[in-house]
Every structure is written in structure tokens, then in C-alpha cells.
Undergrad: 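Pasting in a structure now, in C-alpha cells, and then I'll have a few things to ask.
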Number of protein chains: 2
Amino acid sequence: MSDSNSSAHHLSLLLYSSSRLLIQQFQIRLNELNLTYPQYLVMSVLWEEDGLLVNKIGQKLHLDSGTLTPLLKKLESMNFVKRNRSESDERTVAIQLTYPGKSLQVKVLELLKPLEENFSEIENPELSTLNHSIKSLLERIESSKNRN
Amino acid sequence: MSDSNSSAHHLSLLLYSSSRLLIQQFQIRLNELNLTYPQYLVMSVLWEEDGLLVNKIGQKLHLDSGTLTPLLKKLESMNFVKRNRSESDERTVAIQLTYPGKSLQVKVLELLKPLEENFSEIENPELSTLNHSIKSLLERIESSKNRN
DNA sequence: TCAATTTAAATTGTATCAAATCTAATCATC
DNA sequence: GATGATTAGATTTGATACAATTTAAATTGA
């Protein structure tokens with residue numbers, strides 16, 4: 001399978017494997033707060049900018065309402081967010097952090113510190129090259145999506 | 001979230017997003033054969049080496065029996081593989097390709113050709129750097145797993 | 001205006017994933 | 001050779017992913 005015609009196959013397998021393994025490392029630590037990795041991602045997005053529409057969260061994480069609606073309901077049941085249908089446009093739902101939701105950020109950062117420290121061992125140039133390459137790959141995939 | 005202390009967060013999000021997007025590109029094409037991406041991966045592993053134990057497939061794809069058992073039963077119901085409990089060690093199950101399972105390879109390769117051709121546009125050095133970086137990242141994660 | 005289209009979420013159904021537990025078989029070692 | 005530990009798969013459970021459909025609201029254009 002290392003033909004000249006399997007670069008995409010090879011890369012997809014590497015991305016598939018490495019993302020799941022890295023997410024597992026996050027998950028192990030997040031378990032202490034009963035948070036899943038996707039829930040943590042949504043909270044991270046909201047810590048950056050509170051009050052986002054479901055739509056907007058989906059764009060940032062490349063997830064649709066089929067995934068987000070139940071996840072956000074779960075976060076609401078855990079009292080980390082509130083879901084409010086906007087008055088100006090009744091189709092949309094804005095997600096607001098609650099006080100416990102805001103407070104969670106410090107705990108999560110503390111919890112994930114060891115993981116981040118492990119990563120700081122990797123030489124910074126290498127890491128930023130990797131980030132850059134994956135980001136440009138991601139853009140490439142997205143733009144090719146629109147062509148098909 | 002672009003602090004000095006969020007490299008792992010940032011990288012995990014990139015891997016999470018890009019892997020799902022790339023897999024979607026595969027999935028779109030695989031739909032024609034009613035194959036899912038994980039099913040395709042398992043078939044790929046078997047096309048490389050037939051008769052592997054469930055265990056061995058799991059090692060290659062970083063998946064456990066909780067994922068593989070139902071997936072392999074599905075592939076068996078589609079008549080692409082046969083699951084045989086080994087006589088020498090009754091705990092293990094060897095997975096054999098059927099004739100339709102072997103024949104499927106050519107169809108899949110043909111189906112995925114356009115995707116592979118898209119990828120060949122990316123400069124080869126860049127792609128091989130990316131592959132190499134992710135692979136070393138993957139090894140890093142795996143070795144750190146054993147330390148924790 | 002108002003019917004047709006578009007949009008945002010929610011819902012439904014199928015297929016993963018992974019942790020935890022269970023069962024049966026094998027191994028180790030005395 | 002009995003027995004405690006280990007191993008391979010299977011099963012169970014909870015939480016995603018995502019395509020497809022539905023519903024309600026907003027927008028558009030003749």
C-alpha cells in the first residue's frame with residue numbers, strides 16, 4: 001500500500017490514528033470533570049467568545065446540528081451553558097455560559113497543564129511546521145469540497 | 001487560546017478537524033460500494049495481509065474489539081470476509097478474505113483514484129514531511145502512554 | 001404581497017469509538 | 001496437574017458523527 005497512488009490513503013490513516021490517540025490523552029484527564037473531548041471543545045470555543053449561535057460553533061468545529069444539539073443539551077443539563085432562542089431570529093439558538101461554565105475554564109486548564117507541558121518538549125519549529133502543514137491541508141480539503 | 005500553553009489543544013483540534021474532513025472525502029466515494037471508512041481500512045489491512053487475527057488488525061488501526069467485533073460481523077454479513085476461530089488457540093479469531101472481498105480491492109482503487117490524483121498535486125516533499133511529522137507525533141503519544 | 005426558496009435547529013437512523021465488564025481459553029509456576 | 005494470572009474476543013453502555021428528513025422562521029422576487 002506504499003504505491004505511488006496511496007498518499008491520500010496513507011495520510012488519512014495517519015490523521016485518523018493520531019487524532020484518536022491524542023484525543024484519548026485529553027480524555028483521560030477530562031474524565032476527572034466528567035467532560036468528553038467534544039464537550040471540552042465546545043466549551044473552549046465559548047470561553048473564547050460567549051453567546052455564539054449553534055451555527056457558529058458548528059463552523060468553528062466543523063460539526064453540524066445533528067452532533068451539536070444533543071451535546072449542547074447535555075452541557076445544559078450539566079449546568080455549564082444555557083440555550084436561548086433569539087428574539088430577533090427565532091430560528092437561531094444562542095449559547096450562553098453559566099457561572100459554573102465560566103468557572104470550569106480554570107479547572108480544565110489546570111487539569112491539562114501536564115499534557116501541554118509534555119508538548120512543550122517538542123521543538124517549537126517542528127510543531128509550528130506541523131500545525132501550518134495541517135492547516136493548509138485542511139483548507140485544501142475544504143476548497144476541493146466546494147468544487148465537487 | 002493561542003497562549004504559549006495551548007499547543008496540544010491547538011494541534012488536537014487541527015487533527016480532529018482535518019481527519020474528519022479527509023475521511024468525509026473518502027466516504028463520499030465509498031458510498032457507491034456501501035462501505036464505510038473504517039470498513040475500508042479493515043479491508044485495506046487484509047488486502048495487505050490476509051488471515052490476520054482480530055488482535056493484529058486492531059494493532060494496525062489502533063482499534064479494540066469493541067469496535068472491531070461488530071464491524072467484522074458486518075463485513076462478514078456483506079460476504080467480504082469470514083471469521084474463523086483458530087484451532088490452535090480457541091481464543092483467537094482469524095479473518096479471511098472471501099473471493100468477493102478480494103475482488104473488491106480493484107473496484108475501491110478505481111473509485112478512489114480521483115482522490116489520490118488530487119493529492120498528487122501537493123508537492124511531494126511537503127506531503128512526505130507532513131507524513132513524517134505526524135508519524136513521529138504518533139510514536140511520541142504512544143510512548144508517553146506507556147509512561148502514564 | 002405572498003408563494004417559493006432558503007436557512008437554522010431538531011429529529012431520526014446507522015455506524016462508529018472506547019471504557020468497563022464478562023467469558024472462555026491459555027499460560028505460568030510451583 | 002491444579003490454580004491464579006493473563007489474554008483474546010464479545011458484550012454493554014454512553015457519547016459522538018453524519019446523512020437525510022422535518023419543522024418553523026425568515027427572505028426573496030415576480
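In what follows, every chain begins at residue 1, and chains take the letters A, B, ... in the order their sequences are listed. Everything numeric in this text was worked out from a predicted model, so none of it was measured.
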Undergrad: For residues A:S133 and B:L130, report the shortest heavy-atom separation together with the two atoms involved.
TA: CB-CD1, 3.6 Å
Undergrad: Donor-acceptor check, side chain of A:E116 to backbone of B:A8, threshold 3.5 angstrom: yes or no?
TA: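 Side chain of A:E116 to backbone of B:A8: a pair is present.
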Undergrad: Just by distance, do the side chain of A:T98 and the backbone of A:F80 share a donor-acceptor pair under 3.5 Å?
TA: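 Such a contact is found between A:T98 side chain and A:F80 backbone.
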Undergrad: Go through the steps to decide whether A:H9 and B:L41 satisfy the test side chain to side chain contact (heavy atoms under 4.5 Å, CB included), and finish with yes or no.
TA: CA-CA 9 Å; A:H9 166 83; B:L41 282 186; 4.1 Å; yes
Undergrad: Can you check nucleotides 23-29 of chain C for protein contacts, nitrogen or oxygen pairs under 3.5 Å, and list what you find?
TA:
unit_1 : atom_1 : unit_2 : atom_2 : d
C:dT26 : OP1    : B:E90  : N      : 3.1

Undergrad: Is there any side-chain hydrogen bond (donor to acceptor under 3.5 Å, both in side chains) pair reaching into residues 50-70 of chain B, and which pairs are they, with sequence neighbours excluded?
TA: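 Every side-chain hydrogen bond (donor to acceptor under 3.5 Å, both in side chains) pair that includes a residue of residues 50-70 of chain B, provided the two are not neighbours, is B:H62-B:E142.
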Undergrad: Atom CZ of A:R85 and atom P of C:dT7: how far apart are they, to the nearest Å?
TA: 18 Å
Undergrad: With the threshold set at under 4.0 Å for non-hydrogen atoms, list the residues of residues 50-59 of chain A touching DNA chain D in residue-number order.
TA: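 Close to the strand, none.
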Undergrad: Output all residues satisfying ring pair (Phe, Tyr, Trp, His ring centres under 6.0 Å) with B:F26, sequence neighbours left out; order by chain, then residue number.
TA: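 For B:F26, the residues satisfying ring pair (Phe, Tyr, Trp, His ring centres under 6.0 Å) (neighbours in sequence not counted) are B:Y37, B:Y40.
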Undergrad: Within the 4.0 Å limit for protein heavy atoms, which parts of nucleotides 15-21 of chain C are touched? Write it as a string from 5' to 3', B for base, S for sugar-phosphate only, - for none.
TA: SSBBB--
Undergrad: Rounded to whole Å, how long is the line connecting atom CG of B:N34 with atom C1' of D:dA19?
TA: 13 Å
Undergrad: I'd like to know if the side chain of B:T36 reaches the main chain of B:Q39, judged simply by a donor and an acceptor atom lying under 3.5 Å from each other, with no hydrogens or angles considered.
TA: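 The answer is yes, because a donor-acceptor pair under 3.5 Å joins these two groups.
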Undergrad: Whole-Å distance between C:dT14 C1' and B:M78 CE?
TA: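 For the pair B:M78 CE and C:dT14 C1', the rounded distance is 12 Å.
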Undergrad: Using whole Å, what does the distance between atom P of nucleotide C:dT11 and atom CG of A:L68 come to?
TA: 14 Å
Undergrad: Does the A:E76 side chain pair with the main chain of A:R83, one donor and one acceptor, at a distance under 3.5 Å?
TA: yes
Undergrad: Is there a donor-acceptor contact under 3.5 Å from the side chain of A:Q27 to the main chain of A:L35?
TA: yes
Undergrad: Side chains of residues 90-97 of chain A: which donor-acceptor pairs under 3.5 Å do they make with residues two or more places apart or in other chains?
TA:
unit_1 : atom_1 : unit_2 : atom_2 : d
A:R91  : NE     : A:D89  : OD1    : 3.1
A:R91  : NH2    : A:D89  : OD2    : 2.9
A:T92  : OG1    : A:S86  : OG     : 2.4
A:T92  : OG1    : A:D89  : O      : 3.0

